[in-house]
Amino acid sequence: MSSKNSEAGDAPAVATQFLTFSLGEEVFAMDIRTVREIIQHGAMTSVPLMPEFVRGVINLRGAVVPVIDLHARFGRPAARVGKKTCIVIFDSLRDGERVELGLMVDAVSEVIEIAASHVEPPPNFGAAVKREFISGMGKVGERFVIILDADRAFDVGEMAQLCEARQLALAA
């Protein structure tokens with residue numbers, strides 16, 4: 001029995017609900033508790049001197065919400081907007097404060113439950129995403145779902161540093 005699943009006997013393993021979404025052929029998941037809503041891709045205002053992964057900002061009921069292109073954040077070419085492209089609005093923490101961010105994905109799939117006993121550590125190599133962005137690999141049937149560590153993959157402080165570095169490089 002793994003250390004993640006410390007229940008005795010036949011007690012069910014603790015399960016967490018995840019929102020799944022796709023980027024190309026890959027399926028990713030994030031803890032549903034961080035997700036606020038899912039909206040259709042729409043008008044976005046681009047912001048000069050931002051890194052490629054910051055697609056722009058949207059007006060969400062009067063609030064300015066930055067939108068992150070997940071393809072570009074993972075070092076791939078920028079996403080192409082299609083019929084199923086969505087923006088997942090989620091909460092991230094920066095210095096103990098809640099910050100709303102938008103995550104542009106190819107398509108949202110479904111909400112699934114994955115028992116803690118069915119989550120494996122991220123692979124040491126061969127992943128299409130930086131290892132520190134992955135909290136685990138969830139086994140769903142015969143396939144694996146890449147479970148993102150939203151606080152690391154979308155660390156607002158790190159992304160702000162990347163923006164500043166880009167501005168300095170362009171100014172030089």
Side-chain angles (χ1 to χ4, degrees), residues 16 18-32 34-58 60 64-95 99-110 112 114 119-140 143-172:
T16 302
F18 295 93
L19 175 69
T20 59
F21 51 86
S22 61
L23 290 182
E25 299 298 313
E26 296 170 304
V27 179
F28 293 86
M30 63 190 301
D31 191 324
I32 193 73
T34 65
V35 176
R36 304 212 18 108
E37 62 185 291
I38 301 162
I39 60 175
Q40 274 188 307
H41 183 274
M44 208 174 300
T45 303
S46 61
V47 180
L49 302 176
M50 290 290 130
E52 282 78 31
F53 63 81
V54 178
R55 197 64 177 244
V57 296
I58 59 171
L60 186 65
V64 176
V65 177
V67 176
I68 299 164
D69 179 336
L70 196 53
H71 281 280
R73 176 68 175 138
F74 292 161
R76 302 171 183 174
R80 292 186 181 160
V81 177
K83 292 179 188 175
K84 295 182 178 182
T85 302
C86 294
I87 298 174
V88 177
I89 306 296
F90 71 100
D91 288 335
S92 182
L93 288 178
R94 180 178 188 189
D95 300 327
V99 178
E100 281 188 333
L101 295 173
L103 191 61
M104 191 171 115
V105 300
D106 291 346
V108 170
S109 303
E110 61 184 333
I112 60 172
I114 303 175
V119 176
E120 298 294 325
N124 288 324
F125 62 91
V129 178
K130 282 184 171 183
R131 188 174 195 274
E132 62 266 20
F133 291 174
I134 303 172
S135 70
M137 302 294 292
K139 185 163 184 176
V140 179
R143 65 186 169 100
F144 280 102
V145 173
I146 302 168
I147 302 172
L148 294 176
D149 182 335
D151 288 336
R152 287 190 180 176
F154 314 113
D155 180 312
V156 177
E158 178 201 351
M159 291 189 295
Q161 288 175 348
L162 290 171
C163 291
E164 290 170 14
R166 177 169 171 103
Q167 289 172 356
L168 289 173
L170 292 173

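Since the structure is predicted, the reported quantities are computational estimates derived from the model, not experimental observations. Values reported hereafter were calculated over all heavy atoms of this structure, with side chains retained and with hydrogens, waters and symmetry mates removed.
Residues satisfying the side-chain hydrogen bond (donor to acceptor under 3.5 Å, both in side chains) test with D106, not counting sequence neighbours, are H71. Partners of E37 according to the salt bridge (charged side-chain N to carboxylate O under 4.0 Å, His left out) rule, which considers only residues two or more places apart in sequence or in another chain, are R61. In this view, F90 and F154 satisfy the ring-ring contact (aromatic ring centres under 6.0 Å, His included) rule, not counting sequence neighbours. Applying the side chain to side chain contact (heavy atoms under 4.5 Å, CB included) criterion to E110, with sequence neighbours excluded, gives T20, I112, R143. Residues satisfying the side chain to side chain contact (heavy atoms under 4.5 Å, CB included) criterion with T85, sequence neighbours excluded, are H41, V81, M104. With sequence neighbours excluded, the residues forming a salt bridge (charged side-chain N to carboxylate O under 4.0 Å, His left out) with D31 are R33, listed by chain and number.
Atom-to-atom distance recorded for I146:CD1 and I134:CD1 is 5.5 Å, nearest 0.5 angstrom. Here E52 contributes atom CD and I68 contributes atom CD1; the two are 14.0 Å apart, rounded to the nearest 0.5 Å. In this structure, CG in L60 is found 5.0 Å from CD1 in I89, a value given to the nearest 0.5 Å. A distance of 12.5 Å separates CD1 in I87 from CG in L70, rounded to the nearest 0.5 Å. Put simply, CE on M44 and CZ on R55 are 6.5 Å apart, with the number rounded to the nearest 0.5 Å. Note that CD1 of I38 and CG of L19 are 4.5 Å apart. Values are rounded to the nearest 0.5 Å.
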Would V47 and V57 count as a side chain to side chain contact (heavy atoms under 4.5 Å, CB included) if you check the C-alpha gap in whole Å, the side-chain angles of each, and the deciding distance to 0.1 Å?
-> CA-CA 7 Å; V47 180; V57 296; 4.0 Å; yes
Quick one: do I147 and M30 satisfy side chain to side chain contact (heavy atoms under 4.5 Å, CB included)? Show the steps, please.
-> CA-CA 6 Å; I147 302 172; M30 63 190 301; over 6 Å; no
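Between V54 and V67, every side-chain heavy-atom pair lies at or beyond the 4.5 Å cut-off. Side-chain contact between V105 and L103: present, with at least one pair of heavy atoms (C-beta onward) separated by less than 4.5 Å. L23 has its side chain within reach of R76: a pair of non-hydrogen atoms, C-beta onward, lies under 4.5 Å apart. Between I114 and V140 there is a side-chain heavy-atom pair separated by less than 4.5 Å.
When all heavy atoms of L101 and V65 are compared, the closest pair comes out as C-CG1, 3.7 Å. Pairing each heavy atom of A78 with each of A72, the nearest pair is CA-CB, 4.4 Å. Across all their heavy atoms, P121 and M137 have their closest contact at O-CG, 3.9 Å. Considering all non-hydrogen atoms of both residues, R73 and F53 come closest at N-CB, 3.4 Å. Here the shortest heavy-atom pairing between S135 and P122 reads O-CD, 4.0 Å.
Salt-bridge check for R36 with E100: passed, with a basic side-chain N closer than 4.0 Å to an acidic carboxylate O.
Of the options F18, F133, F74, a ring pair (Phe, Tyr, Trp, His ring centres under 6.0 Å) to F28 is made by F74 and by none of the others.
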